[in-house]
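From a predicted model like this one, the values you see are computed outputs, not experimental measurements. The chains referred to below are lettered A, B, ... by the order of the sequence lines, with proteins before strands, and numbering in each begins at 1.
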Protein chains: 2
Amino acid sequence: MILAGQRTPGPLLVLDGWLGRVQLFSDGRRQILSFLLPGDVIQDAHTFQPVAPSTITALCDAVLCPAPPAEEEGLREAYAASAALDEIHLLRQIARLGRMSAYERIQDWLSEAHERLSLAGRAGPESFPMPLTQEMLADALGLTSVHVNRTLQAMRRDGVLEWRGGAVRLRQTGTSMVPRGRPLPESAIPALRKALLAG
Amino acid sequence: MILAGQRTPGPLLVLDGWLGRVQLFSDGRRQILSFLLPGDVIQDAHTFQPVAPSTITALCDAVLCPAPPAEEEGLREAYAASAALDEIHLLRQIARLGRMSAYERIQDWLSEAHERLSLAGRAGPESFPMPLTQEMLADALGLTSVHVNRTLQAMRRDGVLEWRGGAVRLRQTGTSMVPRGRPLPESAIPALRKALLAG
DNA sequence: CGAGAACTTGAGCAGCATCAAAGAGAGTGG
DNA sequence: CCACTCTCTTTGATGCTGCTCAAGTTCTCG
């Protein structure tokens with residue numbers, strides 16, 4: 001994990017790579033609580049909170065830098081939007097783990113990854129980079145890597161998924177069981193992503 | 001659900017009763033994403049966000065009021081602490097759903113409920129009120145009500161649990177698999193709870 | 001080419017779901 | 001005070017989903 005600039009106590013910005021907030025159980029079980037993708041902000045609260053229920057780990061090579069101060073023009077709303085988005089992702093993760101089958105979880109999660117990477121300008125219209133191993137995916141989705149593997153094969157057989165060479169192509173079925181809210185406001189989030197990733 | 005005072009657009013404070021943030025699937029599946037207990041604050045962002053992935057529902061008779069403005073002395077930190085706590089609860093819920101068995105989920109969730117109600121001054125040292133039905137619990141823990149029922153019976157047999165007349169008594173085993181962070185800062189949260197619930 | 005990590009496959013089992021129906025309470029109205 | 005009804009809880013039988021264990025096979029990279 002590369003930190004650009006000296007390590008200042010304060011929020012960090014993910015420039016490249018994927019990180020995860022991870023919880024380890026004392027018996028070895030592992031849960032990836034959420035992912036941090038390029039353009040995401042790591043609030044220092046997450047890292048240094050008195051109650052620290054999670055650790056942040058790099059899931060592949062990653063580049064971070066100190067996040068620019070919120071005082072800059074228009075960045076305050078961008079931070080707020082980013083925090084709101086984070087919470088939405090946590091809620092979606094809960095619904096996924098609580099009420100979806102393995103097949104649905106993977107579909108939904110890949111879908112979310114695609115959306116988020118698109119906002120960060122890191123995805124094509126139909127495909128996107130996937131640096132995770134099947135085991136990491138399993139740890140995020142509450143499954144075993146063996147079952148993730150078998151489910152991925154089923155998705156390939158169904159023509160829903162291609163996953164080769166660290167890139168995923170996902171064919172949307174369009175029949176999501178989950179009613180999504182209105183589409184994201186076009187302004188705030190890309191503003192942050194672009195403003196920050198450009199710098 | 002009773003609203004004390006006229007309905008103003010703005011954050012609400014739970015004075016009494018339990019609410020839940022609920023996600024409904026189009027095929028009837030239901031997931032309770034999180035609970036709102038006495039002393040908790042409902043940020044209007046949750047209700048009126050452009051991307052509204054969840055709805056807030058009263059799970060039993062409840063009393064709400066507009067939350068006092070953050071400008072009041074010392075209330076700003078209390079709100080921040082409350083928001084941080086909310087996130088901790090979401091993360092804990094994810095770990096629960098992802099990596100715990102039905103037995104462990106119920107144990108851990110009851111444990112959390114006890115802690116939270118204690119902070120709000122609504123629990124005894126060993127027991128606390130439980131207004132939920134087994135089906136609501138199932139919808140929160142990603143199980144069926146039938147399985148919740150059988151698991152509760154197992155817990156009773158093991159002498160871990162008593163649940164009669166809307167009150168729960170939980171005998172802690174002390175062997176939580178999950179490493180918890182340092183204990184909560186004694187100041188901020190009870191400050192909010194008490195400052196707000198007193199008024 | 002060798003070694004480690006990641007992926008794949010198989011067999012068997014357990015946890016939890018599903019379906020269906022029968023008790024328990026709790027409130028309501030006659 | 002007793003049906004009546006509604007919701008909640010409990011029980012049984014059966015089967016699928018996903019786990020476990022164990023052994024390959026392929027990929028990556030030095």
Side-chain angles (χ1 to χ4, degrees), chain A residues 18 20 25 27-32 57-61 95-110 129-158 160-168 177, chain B residues 18 20 25 27-32 57-61 95-110 129-158 160-168 177:
Chain A
W18 295 29
F25 289 39
D27 64 352
R29 284 178 285 185
R30 192 171 85 143
Q31 177 67 43
I32 297 181
T57 310
L59 301 171
C60 60
D61 289 344
R96 200 155 37 216
L97 294 176
R99 285 297 180 222
M100 290 190 188
S101 68
Y103 198 105
E104 293 170 319
R105 284 183 214 182
I106 295 179
Q107 234 178 347
D108 183 72
W109 183 86
L110 286 173
M130 248 303 303
L132 302 188
T133 65
Q134 295 180 4
E135 189 171 3
M136 291 172 186
L137 199 50
D139 283 339
L141 298 181
L143 303 167
T144 59
S145 60
V146 171
H147 197 64
V148 165
N149 183 282
R150 290 195 229 266
T151 308
L152 287 175
Q153 290 175 54
M155 293 176 73
R156 283 191 271 246
R157 250 181 276 120
D158 297 348
V160 172
L161 173 76
E162 292 174 53
W163 179 344
R164 279 188 310 261
V168 160
M177 304 267 74
Chain B
W18 295 28
F25 289 40
D27 64 352
R29 284 179 284 186
R30 192 172 85 143
Q31 177 67 42
I32 296 180
T57 311
L59 300 172
C60 61
D61 288 343
R96 202 156 34 215
L97 294 176
R99 284 298 180 222
M100 289 190 189
S101 68
Y103 197 105
E104 292 169 320
R105 284 183 214 181
I106 294 179
Q107 233 177 347
D108 183 72
W109 183 87
L110 287 173
M130 249 302 304
L132 302 187
T133 66
Q134 294 180 4
E135 189 169 4
M136 291 172 186
L137 200 48
D139 283 339
L141 298 180
L143 303 166
T144 59
S145 61
V146 172
H147 197 65
V148 164
N149 183 281
R150 290 194 229 268
T151 307
L152 287 175
Q153 288 176 54
M155 294 177 72
R156 284 191 271 245
R157 252 181 273 120
D158 297 348
V160 171
L161 174 76
E162 293 174 52
W163 179 343
R164 279 188 310 263
V168 160
M177 303 268 75

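Side-chain N or O atoms of A:Gln31 include one that pairs as donor or acceptor with a backbone N or O of A:Ala140 at under 3.5 Å. A side-chain donor-acceptor contact under 3.5 Å links B:Arg105 to the backbone of B:Met100.
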Enumerate all atom pairs, one protein N or O and one N or O from nucleotides 28-30 of chain D, separated by less than 3.5 Å.
none

Look for any protein N or O under 3.5 Å of an N or O in nucleotides 4-6 of chain C and output each such pair with its distance, or none.
none

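What separates CZ of B:Arg99 from P of C:dC16 is a distance of 13 Å, to the nearest Å. In this entry the distance linking CG of B:Leu137 with P of D:dT10 reads 12 Å, nearest Å. If you take CG of A:Leu141 and C1' of D:dG18, they are 13 Å apart, rounded to a whole angstrom. Atom CZ in B:Arg29 sits roughly 12 Å away from atom P in C:dA17 (whole-Å rounding). A straight line from CG of A:Asp139 to P of D:dC19 spans 11 Å, rounded to a whole angstrom. As a whole-Å value, the separation of B:Asp27 CG from C:dT18 P is 10 Å. A:Arg105 has its CZ atom 13 Å from the C1' atom of D:dC19, to the nearest Å. One can place CD of B:Glu104 at 15 Å from C1' of C:dA14, the figure rounded to the nearest angstrom.
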Taking distance alone, no hydrogens or angles, what donor-acceptor pairs closer than 3.5 Å link side-chain atoms of residues 129-136 of chain B to residues at least two apart or in another chain?
{"unit_1": "B:Thr133", "atom_1": "OG1", "unit_2": "B:Glu135", "atom_2": "N", "d": "3.4"}
{"unit_1": "B:Thr133", "atom_1": "OG1", "unit_2": "B:Met136", "atom_2": "N", "d": "3.2"}
{"unit_1": "B:Gln134", "atom_1": "OE1", "unit_2": "B:Asn149", "atom_2": "ND2", "d": "2.9"}

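Here the shortest heavy-atom pairing between A:Ala95 and B:Phe25 reads O-CZ, 4.0 Å. Taking every heavy atom of both residues into account, A:Val160 and A:Gln107 meet most closely at CG1-NE2, 3.9 Å.
Side-chain nitrogen and oxygen atoms of A:Ser101 include none within less than 4.0 Å of the OP1 or OP2 phosphate oxygen of D:dT17.
The list of side-chain hydrogen bond (donor to acceptor under 3.5 Å, both in side chains) pairs with a residue in residues 136-146 of chain A, not counting sequence neighbours, reads A:Arg30-A:Asp139, A:Asp139-B:Arg99. Within the structure, salt bridge (Lys or Arg N to Asp or Glu O under 4.0 Å) contacts touching residues 142-152 of chain B (residues at least two apart or in different chains) do not occur.
End-to-end axis angle of the helix from C:dC1-D:dG30 to C:dG30-D:dC1, from C1' rotation axes over five pairs per end: 40° (rounded to 10 degrees).
Between A:Leu152 atom CG and A:Glu162 atom CD the span is 13.0 Å, to the nearest 0.5 Å. Here the CG atom belonging to A:Leu137 is positioned 5.5 Å from the CH2 atom belonging to A:Trp109, to the nearest 0.5 angstrom. One distance of note links OG1 of B:Thr57 with CH2 of B:Trp18; it measures 15.5 Å at 0.5 Å rounding.
In this structure, A:Gly166 reaches neither bases nor backbone, as no heavy-atom distance under 4.0 Å exists between it and the strands shown.
Residues B:Leu141 and B:Val148 fail the side-chain proximity criterion, which asks for heavy atoms closer than 4.5 Å.
A side-chain contact (heavy atoms from CB on, under 4.5 Å) with B:Ile106 is found for exactly one of B:Arg96, B:Met155, B:His147, namely B:Met155.
Applying the salt bridge (Lys or Arg N to Asp or Glu O under 4.0 Å) rule to A:Glu104 yields the partners B:Arg29; only residues at least two apart in sequence or on another chain are considered. With sequence neighbours left out, A:Arg157 forms a salt bridge (Lys or Arg N to Asp or Glu O under 4.0 Å) with no residue at all.
Residues from residues 145-157 of chain B with heavy atoms under 4.0 angstrom of DNA chain C, sorted by number: B:Val146, B:His147, B:Arg150.
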